[in-house]
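Chain letters run A, B, ... following the sequence lines, proteins first, then strands; residues in each count from 1.
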Amino acid sequence: MTVKTRFAPSPTGYLHIGGARTALFSWLYARRHGGHFVLRIEDTDRERSTPEAINAILEGMAWLGLDYDEGPFYQTERFDRYAEVIDRLLEEGRAYRCYCSRERLESLREAQMARKEKPRYDGRCRHLTEPPADASGDPVIRFRTPLEGETVVNDRVKGRIVFANRELDDLIIARADGSPTYNFVVVVDDMDMGISHVIRGDDHVNNTARQVNILQALGVEPPVYAHVPMILDEDGKKLSKRTGAASVMDYRDQGYLPEAVLNYLARLGWSHGDQEIFTLDELIQLFDIDDINHSASSLNSSKLQWLNQHYMKTGDPAHVARHLAWHLGEMGVDPAGGPSLEALVSAQAERTKTLREMAQNSLFFFREPEGYDEKAARKNLKAGAAPVLAALREALSGLGQWQTEAIHETVSGVAEGQELKLGKVAQPLRVAVSGGPVSPPIDETLALLGREATLRRIEAAEAWIAENVVDQPQEG
RNA sequence: GCUCCCAUCGUCUAGCGGUAAGGACGCCGCCCUCUCAAGGCGGAAACCGGGGUUCAAAUCCCCGUGGGAGCGCCA
């Protein structure tokens, strides 16, 4: 059997992190089996679907690198086809027109709820042969669900699930205006597009029995279903925009690499023994529906951060640098005016968790620090630091080659000359050039910053000390 | 309320009748160290409860309990 999977989001919002995972699973499964992956936009709800949301979904897919072999298909462009199938169902008596008013349906539901029954259509129009006398307005079309027997779904992740048909009611497949509804279009599309495996969130399990029944009425073999558990937020609650990043683009904005997000998502609800780090190729090779978990899982941002740092540390610096450049740009920095981004990535990757943090902590390489971190200055830019800085400035200005190793020797040389531990020299220097207490190793920092900026900032620090510290009572 | 699903460290998970219940993130401690990190080493930390089945249950069955989903002229 040729494998064909699909991702079928409704364009009513951004590409959700949960949706991204189902998309990833579907994509991986198709790639794993040399099949096709289809993107289908479920936009039958014209009220809620927006072009912005469609773009957001396409953008999210592109950022993650989940490419599709077919589509995007739009359901709104397939209305003729749906009408055709509905007519066929009507002719064959597998569907019927229902003239019940919304009001009647509403009170029916209320009465059932009051009786603690499961609300469902009572089948009043099921046996009508012609419109009732009191009919007003256009009818909806309902699917004639079998009254008896059971519908079995052999779910690839949940196992065998049995639904008694009497628990199902006659669902509406076309609205009064003739437009088809979700449970119906899904079935027609999956059938027409030759979808072999439906991988989707398990909030759809209860729909599956209805869909299987429609498929059977159409005389078609159902696809293989695999319902993956939900993703919960860090507190184990349902995901919402409120509780942090829900849209995949938020992850980009927060400084995550797409490969980190992909790896993280893959390991959320799926596993392969004790392995945590997977390349995309490994995922394609190893992914299997049978290894998907049965229970919902919570997001854990610290694990994502760990993965992200892993990819920043071990990835191709040029690749990471491209992403870093984007974030620098977001912060109004033109990377052209500073050190090599690749070198910067190498220097910062092991001390930052995200690209955003890396960019933030690297700002001083591109522009003068805006003043000194108060605490760091109080501790390191004391009166006693002035001669140290002066010595450093002198030694560094005479340095032949502005390279890490030579700089390192020079700085340690100054420390020895002043009979100070390296830290006593490096730290004031660090504050002087970076404005704060944290940076890559001082020699690397200076090498990246360049001689000119280094000397200028040392001088500025000396002036700052003269102006702000000289009159203060000296302490050690 | 009815139907369906789920249940191993805080979190992600391995386990598929016999294990000292393993790994990862995070956390704690030590080492390393010019800052912050990274890294190395070590540590604390889990089978929801009760019944069965079995020589033997985290693993199989049942019942509870607790979560979740669905019950639209939404998808």
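Here, B:rC60 and B:rC5 have their P atoms 15 Å apart, quoted to the whole Å. Using C1' as the reference atom, B:rG15 and B:rA20 are 15 Å apart when rounded to the nearest Å. Using C1' as the reference atom, B:rA24 and B:rU8 are 15 Å apart when rounded to the nearest Å. When the P atom is used for both B:rG23 and B:rG42, the distance is 11 Å, rounded to whole Å. B:rG26 sits 14 Å from B:rU13 when the C1' atoms are compared, rounded to a whole Å. Taking atom C1' in both B:rC28 and B:rC63, one finds a spacing of 41 Å when rounded to whole Å. Nucleotides B:rU19 and B:rA58 are separated by 9 Å at their P atoms, to the nearest Å. B:rA21 and B:rC47 are spaced 12 Å apart, taking the P atom of each and rounding to whole Å.
Between A:Y96 atom OH and B:rC73 atom P the separation is 12 Å, expressed in whole Å. As rounded to whole Å, 15 Å separates atom P of B:rU3 from atom CG of A:N165. Summarising the geometry, the separation between CG on A:N154 and P on B:rC4 is reported as 16 Å, rounded to the nearest angstrom. Across the protein-nucleic acid pair, A:H408 atom NE2 and B:rU33 atom P stand 12 Å apart, rounded to whole Å. In this structure, CD of A:E150 is placed 11 Å from P of B:rC4, rounded to the nearest angstrom. Distance A:L232 CG to B:rC6 P: 16 Å, rounded to the nearest Å. Counting to the nearest Å, the P atom of B:rC36 and the CG atom of A:D373 are 13 Å from each other. Separating the CG atom of A:D169 from the P atom of B:rG70 is a distance of 16 Å, rounded to the nearest angstrom.
Ring pair A:Y256/A:Y251 is tilted by interplanar angle, where 30° to 60° counts as tilted. Between A:F25 and A:F287, the two ring planes are tilted [angle within 30° to 60°].
At a threshold of 4.0 angstrom between heavy atoms, the contacts of A:Q309 are confined to the sugar-phosphate backbone, with no base atom among them. Residue A:R102 is classed as a base contact, given a heavy-atom separation below 4.0 Å to a base. Using a 4.0 Å heavy-atom cutoff across all strands shown, A:T44 reaches sugar-phosphate atoms only and no base atom. Residue contacts for A:P9: at a heavy-atom cut-off of 4.0 Å it reaches no nucleic acid atom on any strand shown.
A salt bridge between A:R144 and A:D170 is absent, with no side-chain N of the basic residue lying under 4.0 Å from a carboxylate O of the acidic one. At a threshold of 4.0 Å, the pair A:D122-A:R104 counts as salt-bridged, since one of the basic side-chain nitrogens sits closer than that to a carboxylate oxygen. The pair A:D192-A:R78 meets the salt-bridge criterion, with a side-chain N (NZ, NE, NH1 or NH2) lying under 4.0 Å from an Asp/Glu carboxylate O. Under 4.0 Å is where a charged nitrogen must lie from a carboxylate oxygen, and between A:R102 and A:E106 no such pair does. No salt bridge links A:R126 with A:D169; every basic N to acidic carboxylate O contact stays at or beyond 4.0 Å.
Relative to the side chain of A:W306, the nucleotides B:rA75, B:rC34, B:rA24 differ in distance, and B:rA24 lies closest. Counting only heavy atoms from C-beta on, A:A426 has its side chain closest to B:rC34 among B:rC5, B:rC34, B:rA38. Of all nucleotides listed (B:rC36, B:rC73, B:rC5), B:rC36 comes nearest to the side chain of A:R351. Which of B:rC71, B:rU3, B:rC73 sits closest to the side chain of A:R210 comes down to B:rC71. Out of B:rC73, B:rG70, B:rC34, the shortest distance to the side chain of A:L422 is found at B:rC34. In this structure, of B:rG39, B:rA75, B:rU3, it is B:rU3 that holds the atom nearest to the side chain of A:N206. Of the candidates B:rA38, B:rC34, B:rA75, B:rA38 carries the atom nearest the A:K353 side chain, counting heavy atoms from C-beta on. Side-chain proximity of A:I161 to the nucleotides B:rA75, B:rC5, B:rC71 is greatest for B:rC5. When each of B:rU35, B:rA75, B:rC71 is scored by its nearest atom to the side-chain atoms of A:V438, the top-ranked nucleotide is B:rU35.
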Q. Would A:H310 and A:Y264 satisfy ring-ring contact (aromatic ring centres under 6.0 Å, His included), going step by step from the backbone distance to the final call?
A. CA-CA 12 Å; A:H310 169 83; A:Y264 178 73; over 10 Å; no
(Q) So if I define the base as every atom that isn't primed, P, OP1 or OP2, how would nucleotides 40-47 of chain B read as a B/S/- string at a heavy-atom cutoff under 4.0 Å? (A) --------
Q: Starting at the 5' end of nucleotides 7-21 of chain B, put B wherever the base has a protein heavy atom under 4.0 Å, S where only the sugar-phosphate does, and a dash everywhere else.
A: S---BBSS-------
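When both distances must be under 3.5 Å, the Watson-Crick or G-U wobble mate of B:rG10 is B:rC25. Pair assignment for B:rU54: none, as no Watson-Crick or G-U wobble contacts are both less than 3.5 Å. Pair check for B:rG1 finds B:rC71; Watson-Crick or G-U wobble, both atom distances under 3.5 Å. The base-pairing partner of B:rC48, taking Watson-Crick or G-U wobble contacts with both distances under 3.5 Å, is B:rG64. Shown here, B:rG39 forms a base pair with B:rC31; the pair counts as Watson-Crick or G-U wobble because both key distances fall under 3.5 Å.
Checking the phosphate oxygens (OP1, OP2) of B:rA69, a side-chain nitrogen or oxygen of A:K238 falls inside 4.0 Å. Residue A:K313 places at least one side-chain N or O closer than 4.0 Å to OP1 or OP2 of B:rG39.
Toward the 5′ end of RNA chain B lies the nearest nucleotide of A:P119, the other residue of the pair A:N207 and A:P119 mapping further downstream. Between A:A349 and A:D202, the residue anchored nearer the 5' end of RNA chain B, judged by the nucleotide with its closest heavy atom, is A:A349.
No donor-acceptor contact under 3.5 angstrom links the side chains of A:D443 and A:T404, judged on distance only. No side-chain donor-acceptor contact under 3.5 Å links A:N213 and A:T145. With 3.5 Å as the limit, one finds a donor-acceptor pair spanning the side chains of A:Y82 and A:D189.
For B:rC34, the base has a donor-acceptor partner in the side chain of A:R430 [N/O atoms by modelled type, under 3.5 angstrom].
A donor-acceptor contact shorter than 3.5 Å links the side chain of A:D43 to the backbone of A:Q75.
The six-membered or imidazole ring of A:H319 lies near that of A:H323, with a centre-to-centre distance under 6.0 Å.
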